Amino acid sequence: EDPVISGGREGLGKENARARQSSDRAAAASRQEQLSLMDLVYHPSDMAVKPIVGNRRIEKLLEVRWDPQMLPFKPYSLQDMLAAPQAKLETYLTRIYRSISGATPISEKVNTLAYFESMCSDTQAANILVNSSLMTLFVTKLRNAKMPSLRVRLASAMGLLIRHATFITDELAASGIVEVLANTLRDKTVLVKRRAMSTLGELLFYIATQQQDRQSQGAGAEDVWHVPSSSLTHFIRLLRPGEDETVQHYAVKTLENIASHESEWMARFASPEVVFNLVQIATGGRGENLKATAASTLARMMRWNPSLVQLLMDKYGVKTLLVGLNEGNSKIQQPFLSMLIMSLSDISSRTKNALADERSLVPKLLSILEHGHVVLKGKVLLCLSLLFHINPSWLVVACNMRFVQTVEKLGREHDEHLRSCLAHLKKVVAELVPQVLVGADEEIRRFAQRKYSAPGSRGGSRGGVAALQGQLASIPVLVHLMNSASLRGAVITSEVLGSFATWLSEVETMSFPGQPELWRQLL
């Protein structure tokens with residue numbers, strides 16, 4: 001092949017590649033600019049769903065042990081059970097059924113259930129077992145059993161099956177499983193309550209998801225999973241102060257998963273009592289993981305029901321949200337930032353006044369912006385953009401700290417969500433510039449009409465940025481922004497340059513406190 005032609009083709013290929021990259025960057029920038037604030041508040045990680053049963057952030061469970069010598073049958077391994085023909089499988093499950101249902105010692109029932117649990121964490125096995133007569137037997141036994149050791153194992157086996165199964169037949173709804181689990185929450189043995197709550201939580205989340213799926217597919221409106229209001233009452237009581245923290249965490253985790261999607265179920269729990277209890281847990285709980293789950297639940301509920309934001313503000317005020325920002329745990333800070341953004345996006349006069357006294361707010365946000373992970377940084381940018389919009393003086397405060405330098409570093413980040421949040425901040429800053437220009441121009445006009453001492457005298461020679469008061473304090477801010485590669489595009493306009501040129505010619509012959517510093521800034 002002719003090397004000249006080959007080189008020409010290679011050069012053309014590189015040009016095309018560069019053109020495609022430029023086009024891709026332009027398209028990405030366009031997408032970032034089109035995203036609204038509400039599109040950016042919630043990151044995908046804000047809505048992540050995690051298991052309830054067996055969640056190690058809630059409770060670290062010991063391995064369940066069983067004695068093969070005590071079993072009244074030869075145990076199958078999981079692989080043997082799944083490979084067994086239908087007739088052998090039914091015979092085998094019948095032996096397990098008789099060991100648990102018959103007039104056998106409690107110790108045998110507990111041991112058989114412990115062995116049974118070893119088969120429940122496989123999805124294929126769980127789909128078989130949860131839809132067998134064994135599950136109905138467990139419900140009946142849990143309703144009538146008195147011994148805590150047996151009740152723990154029954155609830156535990158049921159929870160594992162519900163967690164790992166992908167399909168549960170409607171027939172289980174007729175067994176009364178919801179009511180039985182809800183009544184078990186009143187057991188005085190804490191281990192029984194923990195297993196019952198985790199199992200009920202997994203079941204309620206399954207029911208809520210199934211209902212949502214049926215509605216989205218246009219299926220029949222009949223809801224086979226009837227959940228009595230009395231059962232929900234037992235559940236909600238667990239959110240009150242004084243409850244076992246692990247039991248409470250399972251209950252809050254259930255709400256968090258349900259609130260991951262907008263649904264009738266989410267609406268059922270969005271009551272003032274639930275919200276206020278979650279606030280108490282998120283700000284005063286003992287465990288960091290529980291506080292993070294409670295805060296995450298609140299933030300998710302507010303996404304689907306923004307009126308809850310005002311409910312929280314009216315009861316506790318903005319200080320409650322700022323408490324969460326002071327936590328060292330990023331999993332707590334993240335949902336509190338989401339809630340703060342929601343509260344600032346539709347701010348009341350009362351909250352505006354309360355914010356004016358929070359001098360530590362901007363330093364804290366800038367600290368998170370500098371040291372937090374990428375999702376936190378994006379949320380902080382949204383918080384700052386709202387603060388600047390509410391009152392441009394917050395921009396002055398931020399620029400007098402490390403705001404510009406920190407944003408400069410963020411301009412080199414590649415995370416799409418963070419870049420979209422940065423684009424939103426630039427848009428807000430660009431919208432503020434005309435307002436800043438008008439305010440500064442009015443201030444200069446007022447100085448022109450006043451009588452001050454001659455240039456060079458004490459009254460006209462005050463130096464330093466501190467000499468620039470009122471609207472003139474924003475002039476150094478504009479200069480800061482102009483020197484930022486990330487933000488200058490939002491600031492340097494023909495209108496700004498024209499105003500600076502006009503002010504230079506006017507201020508040169510004027511005399512007022514701060515005139516030398518203003519002159520230096522304009523130059």
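On a predicted model such as this, the values are computed, not experimentally measured, just so you know. Hydrogens, waters and symmetry mates play no part in the numbers below; they use all other heavy atoms, side chains included. For this chain, numbers begin at 1 and follow the sequence in order.
Between the side chains of T166 and N127, at least one donor N or O sits under 3.5 Å from an acceptor N or O. Remark: the Q310 side chain and the D314 side chain contain an N/O donor-acceptor pair separated by less than 3.5 Å. Judged by distance alone, the side chains of E179 and S230 never bring a donor and an acceptor atom under 3.5 Å apart. E171 and T169 form a side-chain donor-acceptor contact under 3.5 Å, judged by distance and modelled atom types alone. There is a side-chain donor-acceptor pair under 3.5 Å between R300 and S296. Side-chain contact annotation: S263 with Q211, donor-acceptor N/O pair under 3.5 Å absent. Counting only N and O atoms by type, the side chains of R151 and T189 include no donor and acceptor under 3.5 Å apart. Side chains of K253 and T293: a donor-acceptor N/O pair is absent below 3.5 angstrom, by distance only.
Across L37, L386, L381, a single residue satisfies side chain to side chain contact (heavy atoms under 4.5 Å, CB included) together with H424, and that is L37.
Because its NZ or CZ atom is not both nearer than 6.0 Å to the ring centre of F336 and within 45° of the ring axis, K379 does not count as a cation-pi partner of that residue.
Of the possible donor and acceptor atoms, none in the side chain of S175 sits under 3.5 Å from a partner among the backbone N and O of T136. Between the side chain of D39 and the main chain of S36, a donor-acceptor pair closer than 3.5 Å is present. Looking only at distances, a side-chain donor or acceptor of T233 sits under 3.5 Å from a matching main-chain atom of S229. Of the possible polar contacts, none joining the S198 side chain to the I52 backbone as a donor-acceptor pair under 3.5 Å is found. Without hydrogens or angle criteria, T104 side chain to I100 main chain gives no donor-acceptor distance under 3.5 Å. Proximity of a side-chain donor or acceptor of K291 to a complementary backbone N or O of G324 within less than 3.5 Å is not detected. T406 places a side-chain N or O within 3.5 Å of a backbone atom of R402 that can act as its donor or acceptor partner. K193 places no side-chain N or O within donor-acceptor distance of the main-chain N or O of D187, the cut-off being under 3.5 Å. In this structure a side-chain-to-backbone donor-acceptor pair under 3.5 Å is missing from E117 to S156. A donor-acceptor distance shorter than 3.5 angstrom exists from the side chain of E202 to the backbone of V53, with no hydrogens or angles considered.
Atom CH2 of W265 sits about 10.5 Å away from atom OG1 of T254, to the nearest 0.5 Å. Atom CG of L204 is separated from atom CG of L232 by 7.0 Å, given to the nearest 0.5 angstrom. Rounded to the nearest 0.5 angstrom, R143 CZ and L181 CG are separated by 10.5 Å. Note that OG of S367 is 11.0 Å distant from CG of L376, once rounded to the nearest 0.5 Å.
Checked for salt-bridge contact, R303 and E262 miss the test: no charged N lies under 4.0 Å from a carboxylate O.
In the displayed structure, H389 atom NE2 is contacted under 6.0 Å by at most 12 heavy atoms of other residues, nucleotides or ligands. When the shell of 6.0 Å around NZ of K331 is examined, it contains 12 or fewer heavy atoms from other residues, nucleotides or ligands.
Applying the ring-ring contact (aromatic ring centres under 6.0 Å, His included) test to Y206 and every residue at least two apart in sequence or in another chain returns nothing. Taking K377 as the reference, nothing meets the side chain to side chain donor-acceptor pair (under 3.5 Å) condition, with sequence neighbours excluded. By the side chain to side chain donor-acceptor pair (under 3.5 Å) test, R268 pairs with no residue at all, sequence neighbours left out. By the ring-ring contact (aromatic ring centres under 6.0 Å, His included) test, F116 is found to be paired with F138, residues two or more places apart in sequence or in another chain being considered.
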Could you list the donor-acceptor pairs under 3.5 angstrom formed by side chains in residues 352-359, with sequence neighbours left out?
from : atom 1 : to   : atom 2 : distance (Å)
N353 : ND2    : S349 : O      : 3.3
E358 : OE2    : K319 : NZ     : 2.7

Quiz: residues 65-86 side-chain donor-acceptor pairs under 3.5 angstrom, not counting sequence neighbours:
from : atom 1 : to  : atom 2 : distance (Å)
D67  : OD1    : Q69 : N      : 2.9
S77  : OG     : D80 : N      : 3.1
S77  : OG     : D80 : OD2    : 3.1
Q86  : NE2    : E90 : OE2    : 3.0

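What you find for L172 and M135 is that their closest heavy atoms are CD1-CG, 3.6 Å. Scanning all heavy atoms of the two residues, the minimum distance from A208 to I258 falls at CB-CG1, 4.4 Å. Annotation for T184 and A196: closest pair CG2-CB, 3.7 Å, computed over non-hydrogen atoms. Looking at every heavy atom in both residues, E59 comes nearest to R194 through OE2-NH1, 3.3 Å. Residues M266 and W304 come closest through the heavy atom pair CE-CB, 3.5 Å. Minimum heavy-atom separation, K141 to L154: CB-CD1, 3.6 Å.
Side-chain contact between M158 and V139 is present, with heavy atoms from C-beta onward closer than 4.5 Å. Under the 4.5 Å side-chain criterion, counting only non-hydrogen atoms from C-beta, V323 is not in contact with N326. Two residues are said to be in side-chain contact when any heavy atoms from C-beta on lie closer than 4.5 Å; L384 and W394 fail this criterion.
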